[in-house]
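The structure appears right after this line, and notes come after that.
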Amino acid sequence: MEHAHSGVDVTLQAERAQSHIDVNRLTEWYAGGKHIVDSLKRIDHAISSDPDFMALGPVHDIYRLSKQERYTRAAQRFQLARSKIVSGEVQRPPYSIATKGDEGRFLRLALGPDGHTMMIHDAMFLPTLYTQCSDEQRDAWLPAATNYAILGCYGQTEMGHGSNVTGLETVAVYDPASETFDLHSPTITSTKWWPAALGRTATHAIIHARVVLPASGTEDRNSDVGVRPFLVQLRDLRTHENLPGVESGDIGPTIGVVALEEGWCRFTHVQLPRIAMLARHGHVTKEGTFVRPPRKFSKRTYATMMGVRAGMVASSASLLGRAATIAVRFCAVRRQFRVPNGGKSETQVLDYPQVQRRTIFWVAATYALHFTGKMMVGMNKAMEAEVVAAGSGAMIGAVHAIGTCLKAVTTTLSCDGIEELRRTCGGYGYSSFSGLESILGQALLQYTGEGENMMIIQQAARALLKLYHARLDTTTGAMQGDTAAHLATLWGPHFDFIRTAEELRCTPATFKLSHMRDVAGLINAFEHRAAALLVRTVIAGGAVPNALASCAQWEGIRAATAFGELLIVKAFAQGLRETEPVVGVETQQTLVQLFMLFTLGGIEKNGAEFMMDGYLSPQDFAHIQEEVKHLLTEIRPSAVSLTDAFGFTDTELNSAIGQYSGNVYPTLLEWAKLEPLNRGAVVRGWEKHYGKTLEEGRKLLLDSTGTLQRAHGSAARCAQMNSNASASTGHRDTACIYWKSWGAGPRTLSITGFVHRLHR
């Protein structure tokens, strides 16, 4: 492979030179501003030249470490980064960190792609304290938590129940006499299972348990008032050993995020003070009476998960974008086969149409998910602000429905894309050094965590069904005007696609070929599909209320998935309107092409759902397939630049085949030489095991007369061969075997010598 003097592969130089998009402006817009791009570059360079971080070894070392070693390495990087923040070192050059945003970028880059176990402290523990604690509890606990004097995690999921929060079995029985709760794990399935940092790392945890109150004067048995969160100290703050009654550990190896400790924990009658129950949205009085929150705040107990799901929607774009960057760069550099009459050079893999479909489509999907993530995070922040400022819960229902839907749809899309991109890289995608295995592991965690996707999307399906029936006048079969207006105001414009069966029948819509290059026309196509699938779900459910939950398993999942994809398409279109004055005309045209590719590719994938009621004809579908091919050809010259604009550093990608330089093969060889299996002249364990096997095999030759006779026969034939060879070349005994087992040092013997040695 040729390389330019700059160290960048000449193929990637040519790729970047042929693109007409303004990469700098697009990168700055994608990141959120020039100041953010400058900050990332400055911090990344400072970390890469910081001797303290260099002493920990390169980030690609993680591919050669065990789980324990990766856990320790991540903890080292976290402690070093925190020390530099606390000491103020990062405020001085070369870091020059001046804002919270800079600090967040420093932590992200300093920790590397492996992250660390205590990410959960910032992601779930602190947000729960902020949103679920009373003012007195905040004053008591937040100073220690925000200054990392304690480390916390979030313990909801149990062995027997995860997303079904109402089924949790851990109990907290209140005793008015002592004003304490007795926290207990009554069954094996009540064991807390999966929460990150719970087993070995965190000092405290938010533990969700069923609150059981004593019988009152009007009741003759204890009262179960549901699941509530508690702040529980797990370990001694000096020794870090478990407190009495607490048993915990790590659950063992997982598919991805290897450095993360996933924990389990059991409680045996642990006594908690009454103040341990988080009390902003419901509390227990001294006498043992439960004071419930207003109904509109009933879901606020799970606000942390709503925020985490919003974050998952946003990070799905980041994970998919990393994989797309790696795959596109690799496929641009990689060459395979010569085209007849195509010259001496082999063809770039990225020039094959099927490879373009398997890579560039996911570049388009990354931009779509980027816009969607911004929308989802913005909605969640607006809901939080509304609750805090106005005490209103008006947005909770909409954010919950949209959040559960988009968590499922976006993380599924991300996993599917990363896996296809990995496969597109062929054998190199199978190597851990590609970085794709690690990225896929993180994506699978998001697919599974906080509600497995096929389960959680049923919540969105049921919300859509309820909204449909709330807007429907059961007498006339038409939408109620006042109710529709009210719900549109309450839930926002995201649900205005809903139509009745009568409306769809009376105003039949059809797809027009002109829609293939029209943003509004493509949005209409996705709206029609979502509305039609929701009507089919209603019809499948019939008039029996219980049937609605059943149909949500089948038609409802399809309808909710279509709703999620509609939200993504709308977010993408809205993002395009915002970028137009920022990125320049030619770049904007390419982004619009990406929008067309993403939407038409989605129609191509789910053609049956667009054709089921005649909205799309088979002829239209054939035209769409051809249009997808045209769009891939149009976007192809800018493929590398479009991924460059994601702005990922080589440290973040941690890939031998996806570096900005494109120096794939030298990097692969360099990293391979560092593999521990390659240490020493002979691999450790060879002589004890494989060598012993060979020794036993050679002993069989000595012990077997028949084998020895056959060996003598082979020697005679070999001698004849040697004699013939010597007549023509002047050399004798040229047929040799090599082994290092008998005697001292390496030996080379002819076959005749080998047999004679055996005979002796």
Are there more than 12 heavy atoms of other residues, nucleotides or ligands under 6.0 Å from atom CZ of R16?
-> yes
Inset, instruction - Would you indicate whether L674, at its atom CG, is surrounded by more than 12 heavy atoms from other residues, nucleotides or ligands within a distance under 6.0 Å? - result: yes
Looking only at side-chain N and O atoms, does [Y] offer a donor or acceptor that is under 3.5 Å from a partner on [X]?
{"X": "Q446", "Y": "S414", "value": "no"}
{"X": "Q79", "Y": "S83", "value": "yes"}
{"X": "Y95", "Y": "D50", "value": "yes"}
{"X": "E261", "Y": "T201", "value": "yes"}

Is any side-chain heavy atom of [X] closer than 4.5 Å to a side-chain heavy atom of [Y]?
{"X": "V37", "Y": "K41", "value": "yes"}
{"X": "Q137", "Y": "L231", "value": "no"}
{"X": "M376", "Y": "K407", "value": "no"}
{"X": "V363", "Y": "F646", "value": "yes"}
{"X": "M119", "Y": "F78", "value": "no"}
{"X": "Y71", "Y": "D250", "value": "no"}
{"X": "K374", "Y": "H370", "value": "yes"}
{"X": "R280", "Y": "T131", "value": "no"}

Using every non-hydrogen atom in the two residues, find where [X] and [Y] come nearest and quote the distance to one decimal.
{"X": "T27", "Y": "A645", "value": "OG1-CA, 3.2 Å"}
{"X": "Y63", "Y": "N654", "value": "OH-O, 2.7 Å"}
{"X": "N380", "Y": "G307", "value": "ND2-CA, 3.5 Å"}
{"X": "F53", "Y": "I47", "value": "CB-O, 3.9 Å"}
{"X": "G152", "Y": "I120", "value": "O-CG2, 3.6 Å"}
{"X": "M455", "Y": "G451", "value": "CE-CA, 3.7 Å"}

Could you state the interatomic distance from [atom1] ([X]) to [atom2] ([Y]), rounded to the nearest 0.5 Å?
{"X": "I326", "Y": "R422", "atom1": "CD1", "atom2": "CZ", "result": "12.5 Å"}
{"X": "T359", "Y": "E420", "atom1": "OG1", "atom2": "CD", "result": "9.0 Å"}
{"X": "L320", "Y": "T410", "atom1": "CG", "atom2": "OG1", "result": "10.5 Å"}
{"X": "E103", "Y": "S39", "atom1": "CD", "atom2": "OG", "result": "11.5 Å"}
{"X": "Q156", "Y": "E450", "atom1": "CD", "atom2": "CD", "result": "7.5 Å"}
{"X": "K192", "Y": "T157", "atom1": "NZ", "atom2": "OG1", "result": "7.5 Å"}

Would you find a donor on one side and an acceptor on the other, under 3.5 Å apart, between the side chain of [X] and the backbone of [Y]?
{"X": "S316", "Y": "V313", "answer": "yes"}
{"X": "S248", "Y": "G199", "answer": "yes"}
{"X": "R329", "Y": "G658", "answer": "yes"}

**OP:** Please assess T72 against Q68 for the test side-chain hydrogen bond (donor to acceptor under 3.5 Å, both in side chains), listing each intermediate value before the final yes or no.
**Re:** CA-CA 6 Å; T72 302; Q68 173 66 64; 3.1 Å; yes
Checklist entry - Do Y148 and H121 make the cut of ring centroids closer than 6.0 angstrom? => result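 Yes, close enough.
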Taking the six-membered ring for Trp, is the centroid-to-centroid distance between Y367 and F595 below 6.0 Å?
no
R42 and D38: CA distance, side-chain angles, deciding distance, salt bridge (charged side-chain N to carboxylate O under 4.0 Å, His left out) verdict: CA-CA 6 Å; R42 182 180 70 252; D38 292 342; over 6 Å; no
Quick one: do R108 and E652 make a salt bridge, cutoff under 4.0 Å?
->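 E652 and R108: salt-bridged.
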Using the rule side chain to side chain contact (heavy atoms under 4.5 Å, CB included), only one of T649, D102, L109 pairs with L40; which is it?
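For L40, the side chain to side chain contact (heavy atoms under 4.5 Å, CB included) test succeeds with only one of T649, D102, L109, which is L109.
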Does the pair R25 and E28 meet the rule for a salt bridge (charged side-chain N to carboxylate O under 4.0 Å, His left out), with working shown? CA-CA 5 Å; R25 290 175 68 179; E28 291 166 5; over 6 Å; no
(Q) If we check salt bridge (Lys or Arg N to Asp or Glu O under 4.0 Å) with D114, which of these qualifies: R70, K67, R77? (A)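 Option passing the salt bridge (Lys or Arg N to Asp or Glu O under 4.0 Å) with D114: R70.
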Might you work through the salt bridge (charged side-chain N to carboxylate O under 4.0 Å, His left out) test for D44 and R105, ending with a clear yes or no? CA-CA 9 Å; D44 183 62; R105 286 182 281 277; over 6 Å; no
field: Residues I21, L591; criterion side chain to side chain contact (heavy atoms under 4.5 Å, CB included); working and verdict
entry: CA-CA 10 Å; I21 68 172; L591 292 178; over 6 Å; no
Do Y154 and H208 pass the ring pair (Phe, Tyr, Trp, His ring centres under 6.0 Å) test, and can you show the C-alpha distance, the side-chain angles, and the key distance before you say yes or no? CA-CA 8 Å; Y154 189 85; H208 287 255; 5.1 Å; yes
**Request:** Quick one: do L445 and E262 satisfy side chain to side chain contact (heavy atoms under 4.5 Å, CB included)? Show the steps, please.
**Result:** CA-CA 11 Å; L445 174 64; E262 305 277 9; 4.1 Å; yes
Evaluate the side-chain hydrogen bond (donor to acceptor under 3.5 Å, both in side chains) criterion for residues S655 and R322: first the C-alpha distance (whole Å), next the side-chain angles of each, then the deciding distance (0.1 Å), finally the verdict. CA-CA 10 Å; S655 170; R322 293 180 195 187; over 6 Å; no
Only one of Y30, F572, F598 passes ring pair (Phe, Tyr, Trp, His ring centres under 6.0 Å) with F371, and that residue is F572
